[in-house]
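The next block holds one structure in the form of structure tokens; read it before the comments.
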Amino acid sequence: MSSDELSVLETEYFRGTSVQESTVGTNEDQEWSDYDDGEIYENRITRTKKRRRKILAAIYFDINHVSILRRFFRARRGAGAAHHGIVRYKAECAHTANFIDHVVAQTAIAHGFEPFDLDCEIETQIHRSKDPRSVVLVTQLGWKLLAICAHSEAFRRACKEMGRTQWSMLLGEISQNRRSLEVFARSRSLEWRGPLLHLRTRSIYETLVRADIDLAAVGHPHHLVRMADGRVACPTYEDKLQENIEQSIFRSSDWPLSRRDPTMRVPADGECDLCFSKNICDCTVPSLAGDLVELVEYRGKGVGVRALANFKSDDILGLYLGELRPREYKGDPIYSLLQQPKMRFPGREAIISSKQYGNWTRFINHSCDPCTMFRRRTVGDRIYTTIEAVRDISIFEEITVDYGKGYFTANKMLCLCRTAACRYNNQTGSADQPPAGSHKDMDIYKPLDIYKACDL
Ligand SMILES: C[S@@+](CC[C@H](N)C(=O)[O-])C[C@H]1O[C@@H](n2cnc3c(N)ncnc32)[C@H](O)[C@@H]1O
């Protein structure tokens, strides 16, 4: 990653934290009984729930951000200690370590656990004021989830500044999403054990020993799927890993007639949709959204995509990528998408086949009442098919799209979107009904099979 890319991410980061800053630290914690009027009470519940959701989104954002800084730090060790990415990473590590040390000290005061080998700094803190809020953190989250969340500035600030009721509700929601956060941290190779390593209490030691077994290398974050039973799997199709790519693949041998990449922009593709230039420009489609989603198993539908951020209507979430094939290609009935330029003229169509190579967007399931749509775009030197939000999408919502006429009839499948608007299934099924649409079995990722057994 170049330092330019890092700056873009940092800009995004500060945009993200400004949301957190206005979110935490507000006095939202008056007694509910103060509100006799039902409507005010309802509004207040909705508002405070929204605030908690913003903080949860900020926690995922921060964890992802620290992981990016860490990758940068590891790749650019020679860049000099003064590089702003490195300074920032070290500062984040220091904040996390201080927070954890404080919690350890408080836990030691409250439970009198054996503080053997606690360093002097912590011994000093033990003699300072008591902070009951830090004490319950370990009992509610456990050391591992606590160490993961402590990497988030939003979490640390919320712990310090949020009202009592809201804070305990937030902790409940974090616990409910324990597995999601653990897999998220793992898939981004977050070094969550770092701030615990020098703390030799028995419970921390046990957590670290258990965690040693789950350190098998992870490839791309989207090579991991969180299964409904809590295990972790690799997405596979026809027994092959579904690999992540950053650009569609064009092989001239697949295109005997034209031998030209059909996604290369030509003058007839019109102006760039981002800068409106009629000439080829440097614009690229922002791709941060892909970092803030997780792949999860939705019973009956196979792998799907769950939002880990709040997206706004019209946000461009990603590009549909895969192997580019001529229009006649029939080898991929499940993931194929017809790509066309926004100014339609013959001869520029291509099938994007993502059964083996693609990105997270290929896992978006269909809904008859979707929250995104496919759009044809001209950006920079290419034409693309993008996935864009058609309404606001809340964190933890499934990201869905309309596959269009014919997909379910051509593939003889029933739709399991379970919306009132469903067009391809007139049954109203329960979430556990047998798979009607699933086209593949999931391969449980063997090296991580032990993950559940040792970690939950
Ligand atoms: C483009 S793939 C989406 C990702 C897919 N779930 C997977 O596991 O790789 C399309 C396939 O997902 C499943 N699917 C998606 N939406 C569905 C729905 N609403 N009802 C039933 N199956 C669905 C079907 O098996 C369909 O052929």
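Whatever order the structure lists them in is the order used to number ligands and atoms, beginning at 1.
For atom 4 (C) of ligand 1, the nearest non-hydrogen atom from the set Val305, Val303, Val401, Leu337 comes from Val303. Relative to atom 13 (C) of ligand 1, the option among Lys301, His366, Arg418, Lys355 with the closest non-hydrogen atom is Lys301. Across the listed options Tyr298, Tyr403, Phe363, Tyr320, Tyr403 owns the non-hydrogen atom lying nearest to atom 10 (C) of ligand 1.
Listed by number with element, the atoms of ligand 1 under 4.0 Å from a non-hydrogen atom of Ile364 are 3 (C). Taking a cut-off of under 4.0 Å to the non-hydrogen atoms of Arg362, the atoms of ligand 1 that pass are 1 (C), 2 (S), 3 (C), 4 (C). Those atoms of ligand 1 with a heavy atom of Tyr407 less than 4.0 angstrom away are 10 (C), 11 (C), 26 (C), 27 (O). Annotation for ligand 1: atoms under 4.0 Å from non-hydrogen atoms of Leu414 are 20 (N), 21 (C). Applying the 4.0 Å criterion to heavy atoms of Cys417 picks out, from ligand 1, the atoms 19 (N). Counting the atoms of ligand 1 from 1 in the order shown, those under 4.0 Å from a heavy atom of Cys415 are 19 (N), 20 (N).
No donor-acceptor pair closer than 3.5 Å links the side chain of Tyr384 to the backbone N or O of Gln339. The backbone N or O of Leu141 lies less than 3.5 Å from a partner atom in the side chain of Arg178, making a donor-acceptor pair. A distance-only check finds a donor-acceptor pair linking the side chain of Arg362 to the backbone of Ser354 [under 3.5 Å]. Judged purely by atom type and a 3.5 angstrom limit, Asn359 has no side-chain atom pairing as donor or acceptor with the backbone of Glu246.
Salt-bridge annotation for Arg348 and Asp269: present, with a side-chain N of the basic residue lying under 4.0 Å from a carboxylate O of the acidic one. Remark: Asp273 engages Lys342 in a salt bridge, criterion side-chain N to carboxylate O under 4.0 Å.
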Given Phe184 and Tyr60, is the ring pair (Phe, Tyr, Trp, His ring centres under 6.0 Å) satisfied, shown in steps?
CA-CA 8 Å; Phe184 187 78; Tyr60 281 98; 5.1 Å; yes

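Taking the six-membered ring where the residue is Trp, the centroids of Tyr424 and His366 are separated by under 6.0 Å.
Contact annotation for Tyr237 and ligand 1: no heavy atom of the residue comes within less than 4.0 Å of the ligand.
Using a 4.0 Å heavy-atom cutoff, Phe408 is listed among the residues neighbouring ligand 1. Ligand 1 is never approached by Tyr424 to a heavy-atom distance shorter than 4.0 Å. Remark: distances from the non-hydrogen atoms of Ile334 to ligand 1 include one below 4.0 Å.
Considering backbone and side-chain atoms alike, Tyr335 places an N or O below 3.5 Å from some N or O of ligand 1.
Considering only heavy atoms from C-beta on, Arg179 comes within 4.5 Å of Glu182 through its side chain.
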